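As C-alpha cells, the structure follows; a few thoughts come after it.
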Amino acid sequence: MEENLVIVESPAKAKTITKFLGESYIVKSSFGHIRDLSKKNLGIDIVNQYKPDYIVSPEKKKVVAELKKLASEASVVWLASDEDREGEAIAWHLAQELKLKPEKTRRIVFHEITKEAITNAVKSPRDINNNLVNAQQARRVLDRLVGFELSPILWKKIKSSLSAGRVQSVAVKLIVEREREISAFADESKYRVYAQFTGGGKSFRAELNTRFNTLGEATAFLNHCKDSAFTVDQVQVKPGKKSPAPPFTTSTLQQEASRKLNFSVSQTMKLAQSLYESGKITYMRTDSVNLSSMALSAARNVVSTEFGEEYSKTRQYQTKTKGAQEAHEAIRPTYMQNRQVDGPKPEQKLYELIWKRAVASQMADAKTEKSIIDICVSNSKYRFIAEGEVILFDGFLKLYLESVDDDNSEEKQTILPKLSTGEVVSYSEIQAVEKYSVHPARYNEASLVKKLEELGIGRPSTYAPTISTIQQREYVIKEDRKALERNIGYALLKAGSVVQGTRIEKYGSEHAKLFPTSIGMLVTDYLMEHFPQIMDYNFTADIEKQFDEIAEGNKDWTEMIDAFYKDFHSKVESTLSQKETQRYERALGTHPQTGEAMLVKIGRYGAFVQCGDAESGAVPRYASLRKNQNIETITLSEALELFKLPRDLGVYNDSPVIIGVGKFGPYVKHNNKFISLKKTKDDPLCITYDRAVEIISENASDCFPRSFDEKPGLQILKGRFGPYIAFEGKNYRIPKQFDPQNMGLNDCLEIIKNNSGK
DNA sequence: CAGTGAGCGAGCTTCCGCTTGACTT
C-alpha cells in the first residue's frame, strides 16, 4: 500500500515529481480545478451570504473518484497545487470534496521542479490558507455575477447568445476604441529632406533637421542647396549599451512567436503545451521571469562554452507585471544545453526561440558607439544630421534581439566616416520626399494580449481563450487588408539641377489584425452607457486590491462582494426595466437613381443596408454588410455596391444562373447548388454568362455522394477535409494515389481493410 | 451556413481560471 498521496495540478508535473520521491509516494494530478459554480441559475445564493453552490464538473467526476479512493488508502495526503490564489483554492476544494481529515492532510508548495525544492517542501508543510481561498472565492463569485447578469441583458436588448464579462468586454472595448481613433485620424504629410554626402572617403546619409509643409518650400530649399557649402559643425561620439530582454512569460512568448514566427496566440500555446508535455520546456502558463538557480548555472555553462567567458552575465529579473502571482518559473528549456530538439518543424522553431531568449537573458550587454554629425548649410538656418551606430561588442546580440511591434524603425548599423569640425563634405544627391503620418497601429492577437497584461486584465491561462471568445461572438474579426496606393510628391537635386515629380506609394496593408464588427461596437457602446464601472480599464486593478486585502485577512469576502453587488444589481434591474431595446440606425443618403432613402441598421442577423422606406409606400430592399464592413464607416457608394448582387445571368439547362456573395464568399448558384468562385480568378461583378456556365459544367463532373449497388451502406462523401469513405459507422481517409471521382468498389474495400486494424 | 429584416413566443445562450483529453478523416 502507498503511504503518501501527492496531488499536483498537471499530469506532466506529476510524472516528473514521481521520479524525485521515494516508492512510498504516489503522485497524481487533479487536472486543474475539480469543482466550479453550478451553471443552473447563478450558482450563488445571494440572500444567504453569497454562498457558492459548488459542483464537481462532469468531466472531472472520474478524476475525483480516483483521487477519493487513493486518498482513503493513503496515510498522508499532500496537497501540492500551485502557490497562488487559484492553486490554494484547488487545494481547499480537494480537501472538501475528498473529505480529507486535517490530521492526515498537508499543504506544500514549490516553485521549481527539482529534487531539492520538492524534498524541502515536504519538510515544511503548512495548513491551507483560508484567507487566500476566500480571495479566490470572491474573484470567482464576482466574475460569475458580472458575466451572468450582464449577458442576459444583451440577449434581451441586442441579440441572443451574446456575452459580456470583466475581461472580454474590456478586450473588445480596446479594439473598438482603437478603430475609432484610426477613423478619426487625420493624416497629414510633410516633406522630409535626405542628403547623400561624401566625406572622409565615404558616402553617408543625413536628414535635414526640419520638415517642409509643401513641395514648393522643399524645392526652394533644394535650389538654395545648389550653390551651398556643407561644413561639419559638430561631431559627437557617445558610448551606449543594450541589455537583453528577460526570459519568456506566456505573454511575451505569444508576442515574439507572433512577430518572429507569425504564429497565432492559440497556435503558440498548443506547440508550447506539446513541448512541455514531452519534458522539453518548463511550464508555459506563467507570469514570472524568474529562473531557478539550477537554470542559471546551466545557462552560465552554455554561454561560456559556446561563446566564451566574456559573454556570460548572470542576471535575476524582477517581475513588474501588475497582479503577477509568480507560481512558476519563466518559460525556459528544461535542459539549457539542448539548443535544438526533435519533433515537428513548428515545435522546433518555437523551442529554438525559447532557448535563445533564455540563454541570451544570461549574456553580457552589447556595447555600442553612437555618433552624430551636424552639417551646416551655408546661408541657411537649417542643418543636416547624420546618425550612426557601431557595435563594439555584440554580447547577447550574438544570439537574440527582441522584435518591436511597429516596423518603422530604420535602425540598422551604419558606420559614419571619421570627420572633424570644419571639414567640408559634398553631396551626390539631395532629395525631398513627401511622408505621411501614420495612424495608431491596429491590434493583432499578441499585441492585444500585451495590452491586457499591462492593464492587469486576464491571466496567462486565459489570454488565448479570451482572444478566441471575442472572435467567436463576432465582436471582432481577424483580417488582412490589401495595401492602397497614393501619389507622393518629391523633388530631387542632382548634378546641379532640381527636378520635381510624383511617384506611387503603397500604404495601409494589414496582416492578421483585429477589427471590430458592428455588433462589437454596439455592445461596447451599450455597456459603456449603462455599466461604465465594469468597462473602466482600472476596474480589474481596483478589485484586485480588494482581493489582496481579503488574502491578507483584512477584509471579509462576502462584505466586499455585497458592497459591489448592491450597486451593480440595482443598475441591472433598472436597465432591464427600461422598455426600449438598443437600436442602431444611420442614414447614408439617397439612391442616386431612384431617390430612395438608404439606411444602415442592425437586425437579428447583423448589420444590413435598407434601400427604400416602407412608410413611403415602397417595398424596401435589403442587403447584408460584408464581413469587413461596419455600420460606422460604410459609405453610400459602398452600400450601393451591395445591391449589385445577386446578379441573374440568364437560364442554363432550364435553371437560372445566379451570382451572389454568401457567408463563404462569392458563388455561382445553379439548380440549387452553390459553387464558390475562386478568389483571385473570377470577379462576381464582372463574371460573364459563358464563364459561369463553364464553372457549372466543370463542377457537374464532381459528384458526391457516390455509392455502389453491390455494397449498400458504403458511400464516398465530401466532407470538410475533402472526399472520404463512410462505411458501417466509420470513416476512412482516401490515400492520395486514388481518384475519389473514379475509384472503384474494390479500391474502397481495400482501404477499409487496410485501416480496420487500428 | 449560401438568406434573412413584421411580430409573437418557446427554449436556448452567458462569466473567468485552473487543467487536458476524446472526438475526429
Side-chain angles (χ1 to χ4, degrees), chain A residues 8-14 29-37 39 41-44 57 59-60 62-63 81-82 84-90 93 136 139-156 159-169 270 273-274 276-277 283 285 325 327 457-463 465-466 469 473 534 540 599 601-610 614 620-624 646 658 660-669 672-676 717-726 730-735 751 755:
Chain A
V8 297
E9 291 180 34
S10 138
K13 204 168 171 180
S29 147
S30 73
F31 295 83
H33 274 296
I34 52 157
R35 302 199 301 191
D36 191 15
L37 297 174
K39 281 196 182 182
N41 307 320
L42 266 184
I44 299 162
S57 328
E59 72 273 15
K60 294 291 169 59
K62 242 175 103 179
V63 180
S81 44
D82 298 342
D84 58 15
R85 201 161 63 203
E86 298 297 327
E88 203 66 20
I90 289 174
H93 280 299
Q136 193 274 347
R139 199 281 303 156
R140 181 67 193 92
V141 165
L142 184 132
D143 281 337
R144 170 56 67 87
L145 290 172
V146 171
F148 274 38
E149 296 215 345
L150 287 187
S151 299
I153 299 179
L154 300 180
W155 305 343
K156 208 174 154 191
K159 203 178 133 180
S160 176
S161 304
L162 294 175
S163 65
R166 174 176 59 82
V167 174
Q168 59 169 283
S169 297
K270 271 189 198 131
Q273 176 89 27
S274 172
Y276 167 68
E277 282 171 9
Y283 196 58
R285 290 185 278 263
Q325 310 226 351
I457 299 171
R459 303 278 313 129
S461 66
T462 60
Y463 295 139
T466 300
T469 298
R473 300 271 175 277
I534 308 292
T540 292
L599 294 166
K601 291 181 174 182
I602 288 193
R604 273 186 294 161
Y605 309 103
F608 65 96
V609 180
Q610 180 181 329
R621 289 174 297 143
Y622 303 98
S624 288
I658 311 278
V661 173
K663 204 166 185 175
F664 304 120
Y667 62 86
V668 183
K669 184 178 169 190
N672 286 322
K673 273 194 196 152
F674 294 86
I675 312 159
S676 285
L717 300 172
K718 198 167 184 184
R720 218 156 33 107
F721 309 115
Y724 65 97
I725 298 167
K730 282 187 180 165
N731 298 325
Y732 304 86
R733 170 187 281 160
I734 299 171
I751 292 167
N755 286 282

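Residue numbers begin at 1 in each chain, while the letters A, B, ... track the order of the sequences. Treat the numbers as computed from the prediction; the structure is a model and nothing was measured.
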Out of B/dT20, B/dG17, B/dC15, whichever nucleotide has its closest atom nearest the side chain of A/Phe148 = B/dC15
message = Using the six-membered base ring of B/dT4, report whether A/Phe608 stacks on it, requiring centroids under 5.5 Å and planes under 30° apart.
response = no
task = Give one of base, sugar-phosphate or nothing for A/Tyr463, where a contact means two heavy atoms less than 4.0 Å apart.
result = nothing
request  = Give the nucleotide from the list B/dT20, B/dC15, B/dG17 with an atom nearest to the side chain of A/His33.
outcome  = B/dG17
ask   = Contact class for A/Glu277 vs. all strands (heavy atom < 4.0 Å): base, sugar-phosphate, or nothing?
value = sugar-phosphate
ask   = Which part of the nucleic acid, if any, lies within contact of A/Thr469, taking any heavy atom under 4.0 Å across all strands shown: a base, the sugar-phosphate backbone alone, or nothing?
value = sugar-phosphate
Residue pair A/Asp82 / A/Lys13, side-chain heavy-atom distance below 4.5 Å = yes
ask   = NA contact type, A/Ala89, heavy-atom cut-off 4.0 Å: base, sugar-phosphate, or nothing?
value = nothing
request  = Answer with base, sugar-phosphate or nothing: what part of the nucleic acid does A/Ser29 contact at a heavy-atom distance below 4.0 Å?
outcome  = nothing
message = On the side chain of A/Arg140, is there an atom forming a donor-acceptor pair with the base of B/dC15 - under 3.5 Å, no angle test?
response = yes
task = Between B/dG21, B/dT19, B/dC18, spot the one nearest the side chain of A/Tyr283, thanks.
result = B/dT19
query = Can you find a pair of side-chain heavy atoms, one from A/Ile534 and one from A/Ser169, that are under 4.5 Å apart?
reply = no
request  = Classify the nucleic acid contact of A/Gln136 as base, sugar-phosphate or nothing, counting any heavy atom under 4.0 Å across all strands shown.
outcome  = nothing
task = May I ask you to say what A/Arg459 touches in the nucleic acid, namely base, sugar-phosphate or nothing, with a heavy-atom cut-off under 4.0 Å?
result = sugar-phosphate
ask   = Can you check the A/Leu37 CG to B/dT14 P distance for me, whole Å?
value = 17 Å
message = Whole angstroms only, please: what is the NZ-P distance between A/Lys156 and B/dC8?
response = 14 Å
ask   = If we only count heavy atoms from C-beta on, is the A/Thr462 to A/Val167 side-chain gap below 4.5 Å?
value = no
key: Any donor-acceptor N/O pair, A/Ser81 side chain to A/Val8 backbone, under 3.5 Å   = no
message = As a test of reading the structure: which of B/dT13, B/dC18, B/dC15 is closest to the side chain of A/Ser160, going by heavy atoms?
response = B/dT13
query = Nearest to the side chain of A/Thr462, which nucleotide is it out of B/dT14, B/dG17, B/dC18?
reply = B/dG17
message = Given B/dC18, B/dT14, B/dG17, identify the nucleotide with an atom nearest to the side chain of A/Lys60.
response = B/dC18
ask   = Heavy atoms under 4.0 Å, any strand shown: does A/Pro465 hit a base, just sugar-phosphate, or nothing?
value = nothing
request  = Would you classify A/Gln168 as touching base, sugar-phosphate or nothing, given that sugar-phosphate means primed atoms plus P, OP1 and OP2, and contacts are heavy atoms under 4.0 Å?
outcome  = sugar-phosphate
ask   = Pick from A/Arg139, A/Arg140, A/Arg459: which one makes a salt bridge (charged side-chain N to carboxylate O under 4.0 Å, His left out) with A/Glu86?
value = A/Arg139
request  = Among the candidates B/dC18, B/dG17, B/dC15, find the nucleotide nearest to the side-chain atoms of A/Val167.
outcome  = B/dG17
key: Donor-acceptor pair, side chain of A/Ser10 and main chain of A/Ala12, under 3.5 angstrom   = yes
inquiry  = Using whole Å, what does the distance between atom P of nucleotide B/dT19 and atom CD of A/Glu59 come to?
reply    = 14 Å
query = Separation of A/Asp36 atom CG from B/dC18 atom P, in whole Å?
reply = 12 Å
ask   = Does A/Gln325 reach the side chain of A/Arg85, with side-chain heavy atoms less than 4.5 Å apart?
value = yes
remark   = Regarding the side chain of A/Arg139, the nearest nucleotide among B/dT20, B/dG17, B/dC15 is B/dG17
task = Scan A/Arg166 against the nucleic acid and name what it touches under 4.0 Å (heavy atoms): base, sugar-phosphate only, or nothing.
result = sugar-phosphate
key: Spacing between A/Asp82 atom CG and B/dG17 atom C1', to the nearest angstrom   = 12 Å
task = Give one of base, sugar-phosphate or nothing for A/Gly32, where a contact means two heavy atoms less than 4.0 Å apart.
result = base
inquiry  = Within the 4.0 Å heavy-atom criterion, would you say A/Ser161 contacts the bases, only the backbone, or no part of the nucleic acid?
reply    = base
message = As a test of reading the structure: which of B/dC18, B/dT19, B/dT4 is closest to the side chain of A/Ser10, going by heavy atoms?
response = B/dT19
key: Of A/Phe31 and A/Ser624, the one whose closest DNA chain B nucleotide lies more 5'   = A/Ser624
request  = Compare all side-chain heavy atoms of A/Val141 with those of A/Leu145 and state whether any distance is below 4.5 angstrom.
outcome  = yes
message = Using a heavy-atom cut-off of 4.0 Å across all strands, would you classify A/Lys601 as base, sugar-phosphate, or nothing?
response = nothing
request  = Let me know, please, whether A/Ile457 or A/Lys62 comes out on the 5' side of the other along DNA chain B by nearest nucleotide.
outcome  = A/Ile457
request  = For A/Ile658 and B/dG3, give me the distance from atom CD1 to atom C1', rounded to whole Å.
outcome  = 13 Å
Presence of A/Ser151 side-chain N/O under 4.0 Å of B/dT13 phosphate oxygens OP1/OP2 = no
remark   = A/Asp143 CG to B/dC16 P, in whole Å, measures 6 Å
request  = Just call it for A/Arg35: base, sugar-phosphate, or nothing, with non-hydrogen atoms closer than 4.0 Å on any strand.
outcome  = nothing
note = Between NZ of A/Lys13 and C1' of B/dC18 the distance, given in whole Å, is 11 Å
ask   = So, A/Trp155 and B/dT13: ring centres less than 5.5 Å apart, planes less than 30° off, yes or no?
value = yes
inquiry  = For B/dT20 and A/Arg285 - does any side-chain N or O of the residue sit under 4.0 Å from the phosphate oxygens OP1/OP2?
reply    = yes
message = Let's see if you can work this out: which of B/dT20, B/dT14, B/dC18 has an atom nearest to the side-chain heavy atoms of A/Pro11?
response = B/dT20
